[in-house]
2 protein chains.
Amino acid sequence: MTRMHKENNLSKNQQIIFDLIDKSPEPLKAYTILYNVQKKGINAPPQVYRALDKLVEIGKIHKIESKNAFVACKNSDCEISKATAFSICESCEVVDEISDVKLSKYLSSFNHKKGMKFKRFNLEFFGLCKKCK
Amino acid sequence: MTRMHKENNLSKNQQIIFDLIDKSPEPLKAYTILYNVQKKGINAPPQVYRALDKLVEIGKIHKIESKNAFVACKNSDCEISKATAFSICESCEVVDEISDVKLSKYLSSFNHKKGMKFKRFNLEFFGLCKKCK
DNA sequence: TTACATACTGTTATATTATAACAATTCTAA
DNA sequence: TTAGAATTGTTATAATATAACAGTATGTAA
């Protein structure tokens, strides 16, 4: 077994999969990732999903729920990983992570009337990007 | 073939499935719906998904993306169906649609720096509800 | 250094969610 | 009344995700 890459805090599989997502200009789906890492010895879905789960948990990537796809976090080393917002073009499917301090603060301090305490949110905007409109 | 229930704008299958979702205290998944409407002659997944797609399109129901489940719209006959917000308890899984005019206005008028024009958004808050915290 | 707990890996099988494709029926509006 | 649009029914299959189990690596505390 190769040694783990603990110097940067990610295990071997986590690093391979993070690198792939981080280099991708678009959100990647789990099975697209699988096909692309089979040459590196990652052969089965559970290996991909486990790495994805961990990367989401530590904020290195985010899941775009409406697309079942994953993007690397672009916001200052994932400080706001529990407060995510994305813009999604309905035509060309481009996804951008929105980093807007005011928006983030506004939502983070939003209080539910029914007394719920929020720890996390995910916001997905849909529309047409500059090119497509 | 039985006649369609056009008096209220929904087809037979759409009405059956909407009624089920509307009566449910919790979000329903597509296959849970399927199992529950088989006695009414809806036998196959495409019949369920087609009705769901249409109901989402016309704003009678919403999809909770993080749960792949569907809830009836509770907001004044679905006027804001293109601007949805939900609170989700991570412990008991209770989901509530948030109807907060200020929040809705704030997000509807949010402008993306990159010049994207938004037509729609979906916001999901996660935390612990009153009972669970 | 050992031994224990925790995290990670590999693997097979299967569960869950969703759509393609095609044929037929029903509805609606002109 | 008839043509187009929407809906239905059906079979098959695609796409997404997890269960379960066995083994390996790593950190840490005795």
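A note on names: the letters A, B, ... follow the listed sequences, proteins ahead of strands, and every chain is numbered from 1.
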Side-chain N or O of A:Asn43 less than 4.0 angstrom from OP1 or OP2 on C:dT11?
yes
Phosphate contact (C:dG10 OP1 or OP2) by A:Gln47 side-chain N/O below 4.0 Å:
yes
Rounded interatomic separation in angstrom, taking NZ from A:Lys67 and C1' from C:dA18
16 Å
Strictly under 3.5 Å: I want the nitrogen or oxygen pairs between protein and nucleotides 11-15 of chain D, one per line.
none

Taking OP1 and OP2 of D:dA17, is either one under 4.0 Å from a side-chain nitrogen or oxygen of A:Tyr49?
yes
Nearest whole Å is fine: how far is C:dA18 C1' from B:Asp53 CG?
9 Å
For A:Lys133, is the NZ atom crowded, meaning more than 12 foreign heavy atoms sit under 6.0 Å from it?
yes
Is the phosphate of C:dA18 approached by B:Lys63 (side-chain N or O, under 4.0 Å from OP1 or OP2)?
yes
Is the closest side-chain donor-acceptor distance between B:Asp96 and B:Ser87 under 3.5 Å?
no
Counting heavy atoms from C-beta on, name the nucleotide in D:dA17, D:dG9, C:dC8 closest to the side chain of A:Lys54.
C:dC8
Pairs counted only when both distances fall under 3.5 Å, Watson-Crick or G-U: show me the 5' to 3' dot-bracket for DNA chain C, [ ] for pseudoknotted crossings and | for other-strand partners.
||||||||||||||||||||||||||||||
Sequence neighbours excluded, the answer for side chain to side chain donor-acceptor pair (under 3.5 Å) partners of B:Glu65 is none
D:dT24 P sits how many Å from A:Arg50 CZ, rounded?
15 Å
Any A:Ser11 side-chain nitrogen or oxygen under 4.0 Å from OP1 or OP2 of D:dA25
no
Taking 4.0 Å as the cut-off, does a side-chain nitrogen or oxygen of A:Lys12 come that near to OP1 or OP2 on C:dT9?
no
Has B:Asn13 got a side-chain N or O lying under 4.0 Å from the OP1 or OP2 atom of D:dG9?
yes
Measure CG/A:Leu52 against P/D:dA17 and give the value in whole Å, please.
9 Å
Return the value, rounded to whole Å, for the distance between atom CG of B:Asn9 and atom C1' of C:dC27.
12 Å
Write down the distance between CD1 (B:Ile33) and P (C:dA18), rounded to a whole number of angstrom.
10 Å
